[in-house]
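None of these values were measured; they are calculated from a predicted model.
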Amino acid sequence: MNEITIIAPDDWHLHFRDGDLLKETVPATARCFKRAIVMPNLVPPVINASMAEEYKQRILQVLPVNSSFEPLMTIYLTNQTTSQDIIQAKQSGVTAAKLYPAGATTNSDAAVSQLDALYPVFETMSEQEMPLLIHGEVTEQHIDIFDREKIFIDQKLSKIVENFPQLKIVFEHITTKEAADFVLQASDRVAATITPQHLMLNRNDLLVGGIRPHNFCLPVLKRNIHQEALRQAVIAGTNKFFLGTDSAPHEKHKKESSCGCAGCYSAWSAIELYAQVFEELNALDKLEAFASTNGPDFYQLPRNKSTITLIKQDWIIPSDIKLPNGEFIVPFFAGETVKWQLKNK
C-alpha cells in the first residue's frame, strides 16, 4: 500500500505551552489535526473557566489563515478546586479537567496532593458529564520510577473507577501492560491515550549508549514487554484506545542540561509516525479508528467530515527547529527517516 486516506484525525492530549512558543506549536499541530485537547499546566496553571477562555484566545490568534483547527480546553485540578469551578467550566465550554499528582511532571507543583479531598469534585464532574483526564503515577520518592504507573492503578485509579462508575476517565499516555489491561477490563467509561514515543521506543532507547535526553518523557519509557503490549493494544480492534501525542516542547538547552526537562515534541511528525507503527504491525486498516473515530466517539463529539491522505514517501525530520525567540527545539525522532508523509491538498 502506497497511499492511505483516513478521516481527519484529532490529538486528544498535547501541550502547546504559551507566549511566543505558540507560534511554533499551534501551526505544527493544525497542519494535520482538526482538534486537540490542550493541557492546562502553564505557569500559572489554567484553573478555571475564565483562564481557559483567555488561553484559548491566545491559541486562536496564532492559527494559520483559513485553518479550521479547534482547541479543546481543559482546566487544572488543584486541592482548592470546587464543584462550582467544574459547573462554570462546563457551562463555558471547557471539555475536560486534568488531574496531575503533585510533582508528577512539568509544571505540576500546584497539583493534587490529597486525592480523596477531590471526591466531591469528581462527583460533580460525573453529574456534569465532564471527563477526568489523569496523569497516572504516584510520586513518592521511595517508589521506583518504573513502577509508579502500576502502583497508581492499584492504589488510586482503581478506587476512583469503583467509587465513580459513571465518571468518564481518560488514562493519559499509558506506558505499561498493566495500564492497557486495566483499561480493557474496565467499563466503557474508561479509555486511554497512547503516544508515538511509547509505541516506538522502550527504555533501551533512553539509556543504552548514553542518556538520550530528547527521548526522556514522563511517564518514562518502560521495558520492551510494555512497549509490545501497547503496540498490540492499538491494533486489537477495541475503541478504548486513541491518539494522544503528549507533544511537549522544551528548548534544546533545557533538555540537554544537568537536569533535563521531560517531554517529546512530536507535532512535526506525529500522524506520520503513527502510520509507520501501524504499518510495521501490518495494521494500517486500524489506523483510522485509533486516530480519527475512537476519540470523538468517547468524548461524544462529531467525527470530522474532512479527510487527510498519507503517501508512502521517505522524508527526514529536521535536526532542530528555530523558535521565534531565537532558541532551538529538537523534535522527536530528529534526523531520522520517516516512511510516510502527509500529502498536501
| query | Do the rings of His173 and His135 sit parallel, tilted or perpendicular, given the 30° and 60° boundaries? | reply |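 Rings of His173 and His135: perpendicular, over 60°.
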Could you check whether the rings of Phe152 and Phe171 sit parallel, tilted or perpendicular, using 30° and 60° as the cut-offs?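 Aromatic pair Phe152/Phe171 classed tilted.
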>> Set out, in order, the CA-CA distance, both residues' side-chain angles and the distance that settles side-chain hydrogen bond (donor to acceptor under 3.5 Å, both in side chains) for Gln232 and Glu228, then state yes or no.
In response: CA-CA 6 Å; Gln232 293 306 309; Glu228 184 57 30; 2.8 Å; yes
Exercise. Does Lys98 count as lying over the ring of Tyr100, i.e. NZ or CZ under 6.0 Å from the six-ring centre, within 45 degrees of the axis?
Worked result: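 Geometry flag: set, cation within 6.0 Å and 45°.
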Is a side-chain N or O of [X] found less than 3.5 angstrom from the main chain of [Y], in a donor-acceptor match?
{"X": "Lys34", "Y": "Asn304", "result": "no"}
{"X": "Gln227", "Y": "Leu199", "result": "yes"}
{"X": "Ser92", "Y": "Ala89", "result": "yes"}
{"X": "Gln276", "Y": "Lys339", "result": "yes"}
{"X": "Lys305", "Y": "Arg303", "result": "no"}
{"X": "Lys252", "Y": "Phe328", "result": "no"}

A quick test of your reading: do over 12 heavy atoms of other residues, nucleotides or ligands sit less than 6.0 Å from [atom1] of [X]?
{"X": "Trp340", "atom1": "CH2", "result": "yes"}
{"X": "Arg223", "atom1": "CZ", "result": "no"}
{"X": "Lys168", "atom1": "NZ", "result": "yes"}

Contact check, side chains of [X] and [Y], non-hydrogen atoms, under 4.5 Å:
{"X": "Arg17", "Y": "Asn41", "value": "yes"}
{"X": "Leu221", "Y": "Asn202", "value": "no"}
{"X": "Phe290", "Y": "Phe278", "value": "yes"}
{"X": "Leu115", "Y": "Leu99", "value": "yes"}

With side chain to side chain contact (heavy atoms under 4.5 Å, CB included) as the test, would you mind laying out the steps for Leu63 and Val26 before giving the verdict?
CA-CA 6 Å; Leu63 272 178; Val26 174; 3.5 Å; yes
Discussion item. Which residue is it: Glu149, His226, His198, Lys150? I am looking for the one with a side chain to side chain donor-acceptor pair (under 3.5 Å) to Thr175.
Written reply: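 Only match with Thr175 under side chain to side chain donor-acceptor pair (under 3.5 Å): Glu149.
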Under the criterion side chain to side chain donor-acceptor pair (under 3.5 Å), which of His15, His214, Lys255, Glu24 is the partner of Tyr265?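 Among His15, His214, Lys255, Glu24, the one meeting side chain to side chain donor-acceptor pair (under 3.5 Å) with Tyr265 is Glu24.
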**Prompt:** Which one of Thr195, Asp246, Thr245 satisfies the side-chain contact (heavy atoms from CB on, under 4.5 Å) criterion with His13?
**Reply:**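 Result: among Thr195, Asp246, Thr245, Asp246 is the only option passing the side-chain contact (heavy atoms from CB on, under 4.5 Å) with His13.
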Review point. Hey, mind stepping through Lys343 and Glu3 against salt bridge (Lys or Arg N to Asp or Glu O under 4.0 Å) and telling me if it holds?
Key: CA-CA 9 Å; Lys343 183 178 181 180; Glu3 186 172 298; 3.8 Å; yes
Q. Charged N to carboxylate O below 4.0 Å: is that the case for Arg31 and Glu272?
A.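 Looking at Arg31 and Glu272, the cut-off is met.
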Taking the ring of Tyr299 and the ring of Trp12, is the distance between their centroids below 6.0 Å?
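Centroid separation for Trp12 and Tyr299: below 6.0 Å.
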